[in-house]
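Position 1 is the first residue of the sequence, and the numbers go up from there. Since this is a predicted model, take the numbers as computed values, not measurements. Remember, it's 1-based here, ligands and their atoms both numbered in the order they're listed.
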Amino acid sequence: MLGLLVRAVLRSGLVKPYHLVKPVSVTILPERSSHHQDNLPKLPVPPLRQTFERYLLMLEPLLSEEELDHTRKLVKEFLIPGGVGDRLQRSLERRASNKGNWVGTYCKYNKSLEGYRQLKICVDCETLPIEYLGGKPLCMDQYYQILSSCRIPGPKRDTVVNHAVGKVAPTHITVVHNFQFFILDMYNSDGSPLTVDQIYMQLEKVWNSSLQSNKEPIGILTSQHRNTWGKAYNNLIKDKTNKESVRAIQKSIFTVCLDAPMPQMSEQRYQSRVAAQMLHGGGSRWNSGNRWFDKTLQFIVGEDGTCGLVYEHAPAEGPPIVFLVDHVVEYMMEVVRTPMTPLPMPPKLRFNITPEVKKDIESAKQNMNIMSHDLDVNVVFFSDYGRNVPRAHKLSPDAFIQMALQLAYFRMYKMCCSTYESASLRMFALGRTDTIRSCSNESLKFVQAMEHPAKPNAEKVFLLDKACQAHREYTHMAIHGQAIDRHLLGLKLQAIEELTSMPEIFMDTAYAVAEHPNLSTSQAGAKTDCVMCFGPMVPDGYGVCYNPMADHINIAITAFNSCEETHAANFGRGVKKALRDMRSLLEETANAKQ
Ligand code: COA
């Protein structure tokens with residue numbers, strides 16, 4: 001089992017069910033302090049006028065002149081000195097001066113079994129090495145939130161609990177096979193951690209004692225819409241045995257899902273099928289019940305050696321998860337065999353299925369089947385080149401890939417779209433992310449030129465360079481806390497809290513366009529040759545996650561089958577073509593100069 005995990009991780013699907021489960025509000029309790037990082041700066045509130053100037057600029061490639069004029073008027077009204085904008089900004093600044101991280105204070109987000117151990121020791125002892133970006137230390141808090149934590153549904157609002165922060169940190173993981181959950185203690189009675197062989201033997205015992213599939217895939221309840229699951233959760237934990245079993249899962253360090261075989265696929269579709277398996281388990285007939293989707297971390301291993309992990313997004317962003325995968329893979333290369341001490345059978349968690357719970361399971365199955373059928377996943381391993389080519393041409397690899405996405409979209413739809421790219425805010429205490437708006441006036445000029453056969457290559461290269469520079473500037477601004485999206489959200493939430501009516505600026509079509517990212521993108525750069533995947537943010541959009549390696553790029557694209565206009569494989573082909581055309585453009589132009 002472990003050997004398969006080592007090999008398969010090298011081409012694994014690393015996925016997060018970000019938008020698969022309908023998001024509702026989540027409360028992260030309690031407000032945390034940054035681990036040994038008291039000197040990190042607080043996230044600033046950007047100047048009001050600066051944000052709205054940039055907001056208008058961001059809207060320019062997305063709106064007609066007439067629409068822009070209307071929005072310019074609304075912005076002007078909003079910014080009248082002493083008016084609503086100033087009032088909301090002051091409230092936001094007050095909030096920021098009181099709290100650790102003003103974005104977090106709204107507390108609402110609508111929306112190798114061995115290698116982990118070194119990380120756990122570092123987490124327990126709070127000795128993880130601090131990471132740096134551009135010479136500045138980054139907030140490490142998210143690393144302390146991924147083990148022994150779980151999201152808990154509520155009828156109106158979810159909470160995230162982290163059991164690692166208590167006096168006695170949990171010592172067990174949960175293992176699920178054929179929809180049956182087991183507790184596997186990772187430590188011997190003398191406190192020493194289990195050896196690789198001991199873990200292997202324990203997993204084998206779990207496997208052999210659960211060869212028959214459970215009739216009721218209890219875990220599928222966690223895939224429901226959050227409010228529905230909140231109600232079903234209360235039904236489930238009315239029973240004392242159920243409550244104890246659920247608690248054991250919630251407290252566990254993480255979950256390991258030993259999956260049943262999935263349907264056979266052509267080689268071409270295999271990676272996309274694996275990504276879908278990691279993301280949702282394939283529906284109630286396959287492995288969707290072999291999960292506890294509320295759990296922050298679930299490692300998944302298929303019978304054919306397919307493996308990866310799925311994570312619940314509320315406690316952390318992608319980078320700590322990618323760090324964990326890199327660490328696990330690196331550690332597993334060094335695994336040494338060790339002597340065996342016999343251990344008892346891992347206990348199985350019992351669930352009493354009342355008629356009410358059974359009904360909830362049936363409804364969750366139906367819902368999961370609809371969602372899993374609707375998700376169109378396409379994994380592209382682009383092997384022509386990676387970070388090396390843009391770097392050789394003195395272009396930022398991230399900006400270059402974003403421009404390829406812009407070009408692919410423009411070619412497919414003859415227009416550009418509101419685009420989201422996540423930018424890390426970890427230079428600030430408890431920072432999460434803000435948005436890089438990859439669609440700009442500069443990106444539009446570049447993609448228009450690319451579709452213009454008469455334009456000379458030198459001009460196209462010039463425009464590509466300008467577009468990449470604009471993207472780098474936005475990135476710099478975003479990671480330094482000066483992007484616009486969190487600020488706009490803060491002002492809007494502040495308006496909900498203290499005003500009787502919503503300012504028109506937030507009711508405007510332009511705001512709806514900006515808030516409808518047809519391209520929701522994220523770089524998940526890992527040392528490991530893996531690919532990360534998430535769902536689209538809007539019904540007619542794409543989710544695009546890429547891992548730019550030195551000489552190739554792994555890209556996962558998602559869309560919804562229920563939308564006639566989107567098609568993940570077509571978009572994937574478009575992205576490949578855009579990347580190839582952009583390289584040819586650079587090389588032909590460079591050769592022509594010589
Ligand atoms: N010429 C040559 N090299 C260049 C260059 C240029 N013009 N511009 C950049 N590079 C280099 C960089 O110096 C960097 O080198 P390094 O790897 O040796 O440090 C490398 O190319 C990559 O830089 P770039 O591609 O520009 O991207 P980045 O690494 O700065 O990443 C973000 C940009 C936005 C992805 C990053 O800032 C970030 O925020 N990451 C977190 C995103 C996140 O949270 N995602 C998960 C959400 S769930």
Which ligand 1 atoms does Ser522 reach within 4.0 Å, using its non-hydrogen atoms? 45 (N), 46 (C), 47 (C)

A student checking ligand 1 against Ser422 at a 4.0 Å heavy-atom cut-off should list atoms 42 (C), 45 (N), 47 (C)

Checking heavy-atom distances from atom 34 (C) of ligand 1 to each of Leu425, Ile436, Asp434, the winner is Ile436

Measure up the Tyr542 and Phe571 rings against each other and bin them: parallel (under 30°), tilted (30 to 60°), perpendicular (over 60°). parallel

Using heavy-atom distances only, which candidate in Gly318, Ala316, Pro319, Gly431 approaches atom 43 (C) of ligand 1 most closely? Pro319

Compute whether any side-chain donor of one residue and acceptor of the other, for Ser372 and His280, lie under 3.5 angstrom apart. no

Using heavy atoms and a threshold below 4.0 Å, how should the contact between Thr475 and ligand 1 be classified: side chain, backbone, both, or neither? side chain

Exceeds 12 heavy-atom contacts within 6.0 angstrom, atom NZ of Lys466: no

Supply the atom-to-atom distance Lys460 NZ to Asp581 CG, rounded to the nearest 0.5 angstrom. 9.0 Å

Region of Arg472 engaging ligand 1 - heavy atom pairs below 4.0 Å: side chain

On a heavy-atom basis, I'd like to know which of Ile401, Asp465, Leu395 is closest to atom 4 (C) of ligand 1. Leu395

Does a side chain donor of either Thr255 or Arg291 reach within less than 3.5 Å of an acceptor in the other side chain? no

Under 4.0 Å from a heavy atom of Lys394: give me the atoms of ligand 1 that qualify, with their elements. 1 (N), 6 (C), 7 (N)

Will you find, in the side chains of Asn388 and Asp551, an N or O donor that is under 3.5 Å from an N or O acceptor? no

Nitrogen or oxygen of Glu317 less than 3.5 angstrom from that of ligand 1: no

Report the part of Ser424 in contact with ligand 1, treating N, CA, C, O as backbone and CB onward as side chain, heavy atoms under 4.0 Å; options are side chain, backbone, both, neither. both

Going by the side-chain hydrogen bond (donor to acceptor under 3.5 Å, both in side chains) test, name the single residue among Arg151, Gln250, Arg226 that passes it with Asp294. Arg226

For atom CZ of Phe462, decide whether the heavy atoms of other residues, nucleotides or ligands shown that lie under 6.0 angstrom number more than 12. no

Close approach, Ala524 and ligand 1, non-hydrogen under 4.0 angstrom: no

Numbered in order shown, the ligand 1 atoms found under 4.0 Å of a heavy atom of Ala423 are 39 (O)

Return yes or no for this condition: an N or O of Asp398 is under 3.5 Å from an N or O of ligand 1. yes

Below 4.0 Å from ligand 1: does a non-hydrogen atom of Ala399 turn up there or not? no

Would Glu515 and Tyr420 count as having a side-chain donor-acceptor pair, cut-off 3.5 Å? no

Glu421 N/O under 3.5 Å from ligand 1 N/O: no

Salt-bridge present (Glu131, Arg426; N to O < 4.0 Å): yes

Heavy atoms only: which of Arg432, His313, Arg391 is nearest to atom 14 (C) of ligand 1? Arg391

What about Ser396: any of its N or O atoms under 3.5 Å from an N or O on ligand 1? yes

In terms of ring plane angle, is the pair His480 and His476 parallel, tilted or perpendicular, where the classes change at 30° and 60°? tilted

Atom indices of ligand 1 within 4.0 angstrom of Pro397 heavy atoms, with elements: 10 (N), 21 (O), 24 (P), 25 (O)

